[in-house]
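Working notes for the structure below.
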Amino acid sequence: MAFWENLPDLKPQHLLGSLPSHSPNGFVCHEVNVLGNNNKKNYIKKWAIYISIWTFVLAIGFSIITQIILGQVESIIVNVAVLFLVIMIGIVFDLIGISATSAVESNLNARAANKVYGAKKAVKLVKNRDQVASFCADVIGDIAGIATGSITAILVMRMIVLQEFAGTTTLNIILTALVSSLTVGGKALGKYIAVTFGTEVIFYVGKILTRIDDFLSLVPNKAPFRSRK
């Protein structure tokens, strides 16, 4: 008894015929994909350079502001409040960044189609989720983390000078561990909220940004030296 098996013809002309029917020329499709990949790589390179510059500028500005506040105010309570504020900033922006990646775009598109206030801005955030996540979670989150370390060191020294605490190393270790636990615990809770309610979080952020845009649109334009036609 003989068994016959239908094997595909491996001749080059038949292999070309097996390409997708929607493209008469297989090589054209390949060229388009290559060009698309090159554009994507160029976009990623430009975005990496752009976000690095922004990180440098924001890190300097954030450090200057915190140093001025801590230098002018000697109250330990105010210093602790600034420390917790910076921790909360890192947690909130990390929450926003992860929410942008987990939000459901179709849900927000439906709200935008019904002209729900803030939905259009939320859709824009989700469409640029990679940039939003990079800016919020990486840039602001990392800057906040670095700032908390600097503020903790200044707070330790101030507590020793003003309150005459003994044991600099012990106090530094305790405060550092406390700040780390609050940061990690807060971000863990934020990640749960972002994954579970990411769409609502981005929608709320979109409403806030829309209100800011509405407020800025009411500010009179003060540009007296504009060219008049």
Test side-chain contact (heavy atoms from CB on, under 4.5 Å) applied to K127 - qualifying residues, sequence neighbours left out: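 E105, V123.
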
Should [X] and [Y] be regarded as members of a common hydrophobic cluster, given that ILVMFWY residues are connected when their side-chain heavy atoms come within less than 4.5 Å of each other, either directly or indirectly?
| X | Y | value |
| --- | --- | --- |
| V57 | I146 | no |
| F203 | V126 | yes |
| F197 | V104 | no |
| I87 | L175 | yes |
| I174 | L155 | no |

Do the side chains of [Y] and [X] get nearer than 4.5 Å, heavy atoms only?
| X | Y | answer |
| --- | --- | --- |
| T176 | S180 | yes |
| L83 | V179 | yes |
| D213 | K121 | yes |
| D214 | L218 | no |
| I98 | T101 | yes |
| I89 | F84 | no |

Closest heavy-atom contact between [X] and [Y]?
| X | Y | answer |
| --- | --- | --- |
| V86 | A144 | CG1-O, 3.5 Å |
| S102 | G198 | OG-CA, 3.7 Å |
| G97 | A133 | O-CB, 3.5 Å |

Value rounded to 0.5 Å, distance of [atom1] in [X] from [atom2] in [Y]:
| X | Y | atom1 | atom2 | answer |
| --- | --- | --- | --- | --- |
| L189 | D94 | CG | CG | 11.5 Å |
| L108 | L125 | CG | CG | 9.0 Å |
| I173 | L178 | CD1 | CG | 13.5 Å |
| I202 | I96 | CD1 | CD1 | 7.0 Å |
| T152 | N79 | OG1 | CG | 11.0 Å |
| I91 | K187 | CD1 | NZ | 7.5 Å |

F56, CZ atom: more than 12 neighbouring heavy atoms under 6.0 Å: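 Counting neighbours around CZ of F56, 12 or fewer heavy atoms of other residues, nucleotides or ligands fall under 6.0 Å, so no.
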
side-chain contact (heavy atoms from CB on, under 4.5 Å) between L95 and K191, worked out: CA-CA 6 Å; L95 166 64; K191 285 179 172 62; over 6 Å; no

Qualifying residues under salt bridge (charged side-chain N to carboxylate O under 4.0 Å, His left out), relative to K207, sequence neighbours excluded: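 Salt bridge (charged side-chain N to carboxylate O under 4.0 Å, His left out) check on K207 returns nothing, list empty.
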
